[in-house]
Amino acid sequence: MSLTPLPPHGPQLETLILLAANRVRASRRTVALTGAGLSVESGIPPFRSAACGTVGLWERYDPMEYATIEAFERDPARVWLMLREMSATLQRARPNPGHEALARLESSGMLAGIITQNIDGLHQEAGSREVLELHGSWRTMTCLECRRRVASRSVPLARLPPLCECGGALKPDVTLFGEIIPSPLIDAAWEQARSCDCLVVVGTSAEVAPASAIPMAARGSGACVIEINIEPTPLSDDVVDLRLQGPAGVILPRLAAAVGALREN
Ligand code: APR
């Protein structure tokens, strides 16, 4: 597999998309694992990749100072400076053709579910129903004192940190570094990974566990691993069977169309 960047319309890419479509069409159970790269074309910057023309969030905010549960408990107002910026971006974001293509694959019975590291809710907004949000969701916040849960949209962010009626600080229901992902969620994600025979990995740097171990688990259970990314990742050489290099918002619609064409023939 060539590691040189392919133009989104290269003949080699066309061949790879057709090969991937055949694998998806022939599979008993295809699952997708998605990361921040899928939402870049919705205007949400990734965390780590500068290759997509936007500066990753962690290049502007040190995650050890702004994205750990210890930092949040120590100084919630400071962490909320980053969270408020993220909130404005998330509220403007809408699903892109990549999210919509995955929703079409699900509604046509060609995709059994999505495991996403994204907190933006764009899969559900695009129409996907079987979505495991491994790192939680931006939709709600919880009070660190009384544990009351509120809808994020109802919380003004003029004063930071936003406070619960009880006076406690509100925290978005997303997993910060140092927090444990609820085991039912982990178990469900591993079940998806082990039960699929085709895993489509979209827009993740595969840097953060436990998500980064899911492709290896799927491959260990005999699944074909297809990677869609604008650049190689630690998975590309040893775990991935088919690597489609290019923007997810371009490749996923072409993959979904190729799968649809195979279903009609
Ligand atoms: N299409 C496809 N892939 C893209 C695109 C695009 N348009 N733009 C960027 N990418 C790729 C990058 O090459 C990179 O490999 O998406 C990946 C984004 O990587 P990260 O920013 O590290 O995002 P992710 O892998 O989801 O991070 C995992 O780390 O900080 C934590 O909780 C955070 O959920 C996040 C986790």
Side-chain angles (χ1 to χ4, degrees), residues 3 5-8 13 16-17 20 32-69 71-72 79 82-83 86 89-90 93 95-102 114-123 131-138 171-181 185-186 189 200-215 226-237 239-240 242-255:
L3 288 186
L6 290 173
L13 182 58
L16 289 171
I17 289 175
L33 169 67
T34 67
L38 175 58
S39 295
V40 164
E41 291 157 89
S42 294
I44 302 175
F47 296 97
R48 293 174 185 81
S49 153
C52 52
T54 61
V55 176
L57 190 69
W58 298 154
E59 273 108 61
R60 292 189 296 114
Y61 289 98
D62 178 353
M64 291 305 111
E65 288 184 40
Y66 285 92
T68 67
I69 187 60
F72 189 92
V79 173
M82 182 267 293
L83 292 174
M86 188 186 268
T89 303
L90 292 173
N96 66 54
H99 297 102
E100 291 160 352
L102 288 174
I114 296 171
I115 306 164
T116 188
Q117 301 169 86
N118 300 338
I119 60 171
D120 53 36
L122 294 181
H123 282 303
V131 182
L132 283 175
E133 293 175 308
L134 207 51
H135 294 166
S137 157
W138 186 261
K171 173 187 164 293
D173 290 332
V174 299
T175 306
L176 298 178
F177 290 110
E179 284 191 288
I180 305 293
I181 297 175
L185 201 44
I186 295 262
V200 183
V201 182
V202 188
T204 181
S205 62
E207 298 269 354
V208 175
S212 55
I214 285 174
I226 298 165
E227 182 178 53
I228 298 173
N229 200 309
I230 57 169
E231 60 187 358
T233 72
L235 302 172
S236 301
D237 286 341
V239 182
V240 168
L242 281 170
R243 193 163 76 78
L244 312 182
Q245 180 152 329
V250 171
I251 292 184
L252 276 171
R254 293 187 21 227
L255 175 63

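Ligands are counted one by one from 1 in listed order, and the atoms in each one are counted from 1 as well.
Taking the six-membered ring for Trp and thresholds of 30 and 60 degrees, Tyr61 and Tyr66 have ring planes more than 60 degrees apart, a perpendicular arrangement. Relative orientation of the Phe177 and Trp58 rings is tilted, given thresholds of 30° and 60° on the angle between their planes.
At a heavy-atom cutoff of 4.0 Å, ligand 1 is contacted by the side chain of Val40 but not by its backbone. Contact annotation: for Thr204 versus ligand 1, heavy atoms closer than 4.0 Å belong to both the backbone and the side chain. At a 4.0 Å heavy-atom cut-off, ligand 1 touches His135 through the side chain alone.
For the pair Ile228 and ligand 1, the shortest N or O to N or O distance does not fall below 3.5 Å. Between Arg48 and ligand 1, at least one pair of N/O atoms sits closer than 3.5 Å. Residue-to-ligand polar distances place Ala248 within reach of ligand 1: an N/O pair is separated by less than 3.5 Å. Below 3.5 Å of separation, one finds no N or O of Leu38 facing any N or O of ligand 1.
A pairwise comparison of heavy atoms in Ala71 and Met64 identifies CB-O, 4.2 Å as the closest pair. Between Gly98 and Leu252 the shortest heavy-atom distance is O-CD1, 3.6 Å.
Close approach of ligand 1 to Trp58 (heavy-atom distance below 4.0 Å) involves ligand atoms 30 (O). For ligand 1 and Glu231, the ligand atoms under 4.0 Å from any heavy atom of the residue are 12 (C), 13 (O). Close approach of ligand 1 to Pro46 is summarised as follows: ligand atoms under 4.0 Å from at least one heavy atom of the residue are 21 (O). With ligand atoms numbered from 1 in the order given, ligand 1 contributes 23 (O), 24 (P), 26 (O) to contacts under 4.0 Å with heavy atoms of Ala36. Below 4.0 Å from some heavy atom of Glu41 lie the following atoms of ligand 1, by number and element: 1 (N), 6 (C), 7 (N). Within ligand 1, the atoms closer than 4.0 Å to a non-hydrogen atom of Val208 are 29 (O), 36 (C), numbered from 1 in the order shown.
Comparing Gly203, Gly98, Pro45, Gly35 by heavy-atom distance to atom 18 (C) of ligand 1, the nearest is Gly203.
With respect to Lys171 and Glu179, a salt bridge is recorded, a charged nitrogen being found less than 4.0 Å from a carboxylate O.
Interatomic distance, CG of Leu235 versus CG of Asn229, reported as 9.0 Å (0.5 Å rounding). In this structure, CD1 in Ile115 is found 11.0 Å from NE2 in His135, a value given to the nearest 0.5 Å.
Gln117 and Thr34 form no side-chain donor-acceptor contact under 3.5 Å, judged by distance and modelled atom types alone. Between the side chains of Asp173 and Ser137, not a single donor N or O lies within less than 3.5 Å of an accepting N or O.
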